[in-house]
Amino acid sequence: MEKNGNNRKLRVCVATCNRADYSKLAPIMFGIKTEPEFFELDVVVLGSHLIDDYGNTYRMIEQDDFDINTRLHTIVRGEDEAAMVESVGLALVKLPDVLNRLKPDIMIVHGDRFDALALATSAALMNIRILHIEGGEVSGTIDDSIRHAITKLAHYHVCCTRSAEQHLISMCEDHDRILLAGCPSYDKLLSAKNKDYMSIIRMWLGSKEMVRVMRKKGIEHHPNFRAVKHVPFDQFIQLVAHAGCMIGNSSCGVREVGAFGTPVINLGTRQIGRETGENVLHVRDADTQDKILQALHLQFGKQYPCSKIYGDGNAVPRILKFLKSIDLQEPLQKKFCFPPVKENISQDIDHILETLSALAVDLGGTNLRVAIVSMKGEIVKKYTQFNPKTYEERINLILQMCVEAASEAVKLNCRILGVGISTGGRVNPREGIVLHSTKLIQEWNSVDLRTPLSDTLHLPVWVDNDGNCAALAERKFGQGKGLENFVTLITGTGIGGGIIHQHELIHGSSFCAAELGHLVVSLDGPDCSCGSHGCIEAYASGMALQREAKKLHDEDLLLVEGMSVPKDEAVGALHLIQAAKLGNVKAQSILRTAGTALGLGVVNILHTMNPSLVILSGVLASHYIHIVKDVIRQQALSSVQDVDVVVSDLVDPALLGAASMVLDYTTRRVY
């Protein structure tokens, strides 16, 4: 058994007080139930679950096939502060007998309700370990005081956001006992949206006071309104997923609804302190109808990107792993990590950034590659497949590889922040659409890459041209780091490039900037794949060298002593380079012409952009660098001859550039 010092199953008591906390606890309960070799589960139900006015929601726990060990009636009727205090007191009277009987190793408590405070107080005083879900958050009401009080009683903490994690650390909680897992309900939310929702769309959820107001005003007789005691969670999430807007002050609006991008109008100040996605609009002083109506006009019917602030859909596996790591032999007494007095407090940035990662996709003419890339530019894991020839096969393979990589990222302790895609052709990065592709990638025009990937992975997606991605890679990880102006030239199968001006990437008015391979350097040069002739790509690309190598080979002028080409192997650019190195004069002449064409292109770039650096990237860069520098000395104006031209030292610029689109955004860099 996967235990740290334990020789028996971990007995876990999950206590649920209302339908809201059950939506967060249920995924954990299901996870515990699937691993009976590690855990024993006891379920305690109390609070509003057992009240008819709230729909007797304990029944949904039974419908989920959980055995309820104990039902505790702890609610004192009334909706004032005194009733809440009396309810806490009643729970404190009843809980000791239950805990003495169950003798759990650990109790899981959720959130910030007064019932949860009674649970945590009882367990702490009876020396039972407490795991608190969703500590460290800030909402802006009395809930904060209750939540933080439970935090001080709890031994272990599962938080949903990095800010919450930092709050817990600031509250002197032991960092080793804090797990940043995400919200458990997101494990279900991110896969819940479907098209079968019309049967439940008329259901509506409201408190007793709201129901009374609706009845008083006669709203309940309107055909578009309905007041109900309880909507089952599965139906409720379908309702909010397909709603035109959600209005209220529930934490659900600023947390769970963000998973669907549904617009939210948050009324009052109850949730004002919480982290929110861009789908939430606050109406703090909601005392006039006009303000709410104006907000409704702004929000209704919009569709925002799904927000993953509160989770990525993998919380439960992390929580189960965390539970298995608990050593019951460790002392029960909590230790608080107080900051040193009169000493500088520092944090290790490597720890903060160590798990932040991006999924990078590189669509090449031959291969399709997907990689998990860390914030430091380390390729944690890479997947490579041949790039299919048809659109349908290609998009299915991209989705399959990305899903596999995202799943593997959890095991590798990498939190995926988004997906970046590098592809050949002209790209509209604002919409995530490939407008026109190169001839190397077939069936790849007017292709929306963002939507299918975002819908499948529930992650934000960025798309850009491979040349631009190479420039972004140099800006973040390579020799362009910190430079205000530089240009990257890719020398591979084709010739591409990217321009960084005043620290930002230049796309151009029609997303055609930096097509540097199609700078014309000769009026009567060879035909280019773009339909023109005399372009740099027609001279210096891998395709151009392959063309010249085949001509020499057909005339028996390619091979020299010490060189051979197997019959089943196609002649390519590398054979031409090998022949030149072995003294083939004609091959040397072809390479010199190609390098000269590239050098003239660089001279034109120097005269047009006046960058502080030119970076040659790709497999052919090292073979061209000296010729390019010679051309600059001979042809460039004296004022730009000192501009440095270097060979990139990045191994996978396309993947790193794709990743940088994600990573730059998460560190709030404008892209």
Side-chain angles (χ1 to χ4, degrees), residues 1-47 49 57-72 95 98-99 101-111 115-116 119-120 122-123 128-135 150 154-160 177-192 233-234 311-328 330 407 410-411:
M1 295 174 66
E2 187 179 339
K3 295 283 185 180
N4 286 344
N6 307 331
N7 53 13
R8 59 180 176 81
K9 298 179 183 180
L10 189 72
R11 189 160 193 174
V12 181
C13 176
V14 177
T16 172
C17 311
N18 53 64
R19 62 190 167 199
D21 76 14
Y22 180 67
S23 69
K24 317 293 179 65
L25 294 170
I28 304 173
M29 294 162 65
F30 280 115
I32 290 173
K33 194 174 181 180
T34 60
E35 299 197 29
E37 69 275 21
F38 293 110
F39 305 109
E40 291 182 14
L41 175 64
D42 293 319
V43 180
V44 175
V45 173
L46 65 159
H49 272 309
T57 51
Y58 72 89
R59 294 194 184 104
M60 65 183 180
I61 303 174
E62 295 177 330
Q63 290 168 0
D64 284 340
D65 201 26
F66 289 111
D67 295 327
I68 299 176
N69 298 84
T70 304
R71 294 176 173 84
L72 286 181
L95 279 167
V98 175
L99 297 180
R101 175 169 51 83
L102 296 178
K103 291 182 170 53
D105 295 316
I106 189 165
M107 173 178 279
I108 298 181
V109 178
H110 169 271
D115 323 70
L119 286 164
S122 300
I128 297 170
R129 298 168 193 270
I130 302 166
L131 175 69
H132 185 208
I133 309 291
E134 293 187 8
I150 297 173
H155 303 79
Y156 307 95
H157 312 274
V158 171
C159 55
C160 301
R177 294 192 172 193
I178 300 172
L179 172 67
L180 175 55
C183 183
S185 64
Y186 264 58
D187 289 23
K188 189 170 188 178
L189 293 174
L190 292 179
S191 59
F233 184 66
D234 286 349
D312 62 0
N314 295 292
V316 172
R318 296 185 181 109
I319 294 171
L320 295 182
K321 184 178 179 181
F322 189 58
L323 283 170
K324 293 174 188 176
S325 72
I326 293 174
D327 186 356
L328 298 179
E330 287 184 350
S407 177
V410 177
K411 301 175 185 177

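Source: prediction; values computed, not measured.
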Novice: Side chains of Y156 and R129: do they bring a donor and an acceptor to under 3.5 Å?
Specialist: yes
Novice: Kindly give the heavy-atom pair with the smallest separation between S23 and S185, and that separation in Å.
Specialist: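 Looking at all heavy atoms of both residues, the closest pair is O-CB, 3.6 Å.
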Novice: Is K9 paired with D105 through a side-chain N to carboxylate O contact shorter than 4.0 Å?
Specialist: no
Novice: Any non-hydrogen side-chain atom of R101 less than 4.5 Å from a side-chain atom of T70?
Specialist: yes
Novice: If we only count heavy atoms from C-beta on, is the L131 to M107 side-chain gap below 4.5 Å?
Specialist: no
Novice: Supply the atom-to-atom distance C13 SG to I128 CD1, rounded to the nearest 0.5 angstrom.
Specialist: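 Here the interatomic distance stands at 7.5 Å.
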Novice: Is any side-chain heavy atom of V109 less than 4.5 Å from a side-chain heavy atom of D21?
Specialist: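 Counting from C-beta outward, V109 and D21 never come under 4.5 Å.
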Novice: Does the side chain of T16 come within less than 4.5 Å of M29's, by heavy atoms?
Specialist: no
Novice: Can you sort out the partners of E35 under side-chain contact (heavy atoms from CB on, under 4.5 Å), two or more places apart, ordered by chain and number?
Specialist: E37, F38, F39, L320, K324
Novice: Return the minimal non-hydrogen interatomic distance between L95 and S122, and the atom names on each side.
Specialist: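 So the two residues come closest at CD1-OG, 3.5 Å.
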Novice: Tell me, with the steps shown, if E134 and H157 meet side chain to side chain contact (heavy atoms under 4.5 Å, CB included).
Specialist: CA-CA 8 Å; E134 293 187 8; H157 312 274; over 6 Å; no
Novice: Between R11 and D42, is the closest basic N to carboxylate O distance under 4.0 Å?
Specialist: yes
Novice: For I150 and G111, work out which heavy atoms get closest and say how close.
Specialist: CD1-O, 3.5 Å
Novice: If I take atom NE2 from residue H132 and atom SG from residue C159, how far apart are they, to the nearest 0.5 angstrom?
Specialist: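 So the gap between those two atoms works out to 11.0 Å.
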Novice: Tell me every residue that passes ring-ring contact (aromatic ring centres under 6.0 Å, His included) with F30, counting only those two or more places apart in sequence or in another chain.
Specialist: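 Applying ring-ring contact (aromatic ring centres under 6.0 Å, His included) to F30 gives F66.
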Novice: Under the criterion side-chain contact (heavy atoms from CB on, under 4.5 Å), which of L25, L72, L46, V44 is the partner of C17?
Specialist: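 Going through the options one by one, the only one that passes is L46.
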Novice: Determine whether N314 and Y186 satisfy the following criterion, side-chain hydrogen bond (donor to acceptor under 3.5 Å, both in side chains), listing intermediate values before the conclusion.
Specialist: CA-CA 8 Å; N314 295 292; Y186 264 58; over 6 Å; no
Novice: Taking N69 for the side chain and V43 for the main chain, is one N or O donor matched with an acceptor at less than 3.5 Å?
Specialist: yes
Novice: Under 6.0 Å from the NZ atom of K411, do we count more than 12 heavy atoms belonging to anything else shown?
Specialist: no
Novice: Side chain to side chain contact (heavy atoms under 4.5 Å, CB included) between H49 and M60: does it pass, once the steps are laid out?
Specialist: CA-CA 9 Å; H49 272 309; M60 65 183 180; 4.0 Å; yes
Novice: For A181, which residues count as a side-chain contact (heavy atoms from CB on, under 4.5 Å) partner, sequence neighbours excluded?
Specialist: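 Result, side-chain contact (heavy atoms from CB on, under 4.5 Å) vs A181: V158, L179, A315, R318, I319.
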